[in-house]
Amino acid sequence: MSSEAVTRVAILGASGRMGRTLIESVLEMPSLKLVAAVTQAGEAVVGSDAGQLVGKPSLGIAIGTDVAVAAKLADVVIDFTRPEGTEAALAACVAAGTALVIGTTGFSAAQKAAIAKAAQTIPLCQAANFSIGVNVSLKLIADAARTLGAGYDIEIVEAHHRHKVDAPSGTALRMGEAAAEGLGVKLEDHAVYAREGVTGARVSGTIGFATTRGGDVVGDHTVMFLGDGERVEISHKASSRGNFARGALRAAAWLKGHPAGLYDMQDVLGFK
Ligand code: NAD
């Protein structure tokens, strides 16, 4: 494969659950080459070899802490960190003119605006969930909401491992947006994120969320359409992180060579 056909990637959050899975997965994809792996200063893994970190032979790439250097080396930076980590990635990628794949979730409105602003300068692909199965589910959810219409109450239930720090999950929110899109409304005007005590009867047209946290659940999501006398459920269950990593790497390969703009996995899969 010519060096131009190979996409050079840098992985941010390399010490994390997703970062390690990305390092393992990138080694299985000949069209991609790992050129940098970055984590936070002070972590025990800084300076160790990225290959050895995941139990593979040495790659000659030391885990670093400098996002700006990684952005200069790579065609595409892949960020699975925390929102503050993404802020640093945005600044480094804009300065270097490098494409960015964002898998991190839990952004504030201001951070979302910063992502949209950066996408005016660099190609950027953001998805709350890079799994291909989830992205097919999003399409099914929008179609179901459109067809079933307002007579069916929509509730979204999700479960994740005990370490997850944000709720509801970015994927649950994205599923809520897909349902709202299907109904022709905005999620923020209809979402109910918590119920406790005497809440009163369910308000028609709302989209409810419920969150479960515990154990090692990689990610379960079910969208229920509850009608009179029947219900439809669209469920996705992830059993390993490999599907997120492969989707993010596929997005990285797709993003190289695209013009500046804000893309998502629906673009990568050709659904738009
Ligand atoms: P993790 O806690 O295992 O790893 C987080 C990594 O980010 C670590 O390397 C840590 O050092 C680094 N980090 C933490 N704070 C940072 C900061 N302020 N600046 C720079 N780096 C920082 O988490 P994880 O399970 O790997 O998940 C990481 C993110 O990816 C989360 O937001 C999670 O919700 C998201 N996620 C997204 C998808 C998807 O498909 N989009 C799938 C799984 C997880």
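Atoms within each ligand, like the ligands themselves, are counted from 1 in listed order.
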By side chain to side chain contact (heavy atoms under 4.5 Å, CB included), which residues pair with T206, not counting sequence neighbours?
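T206: side chain to side chain contact (heavy atoms under 4.5 Å, CB included) contacts with V192, R202, V203.
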Taking side-chain hydrogen bond (donor to acceptor under 3.5 Å, both in side chains) as the definition, give me every residue that meets it alongside D220, ordered by chain and number, with sequence neighbours left out.
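By the side-chain hydrogen bond (donor to acceptor under 3.5 Å, both in side chains) rule, D220 matches no residue at all.
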Return the set of residues passing side-chain hydrogen bond (donor to acceptor under 3.5 Å, both in side chains) with R17 (not counting sequence neighbours), or none when no residue passes.
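If we apply the side-chain hydrogen bond (donor to acceptor under 3.5 Å, both in side chains) test to R17, skipping adjacent residues, there are no hits.
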Side chains of E155 and E233 in contact at under 4.5 Å (non-hydrogen atoms):
no
State, yes or no, whether a side-chain contact exists between E24 and R241 at a heavy-atom distance under 4.5 Å.
no
As a test of reading the model: which residues have a non-hydrogen atom less than 4.0 Å away from ligand 1?
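Contacting ligand 1 under 4.0 Å are G13, A14, S15, G16, R17, M18, T39, Q40, E43, F80, T81, R82, E84, G85, G103, T104, T105, A127, A128, N129, F130, K164, F244.
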Over all heavy atoms of both residues, which pair between A36 and A70 is shortest? Give the atoms and the distance, please.
CB-CB, 3.8 Å
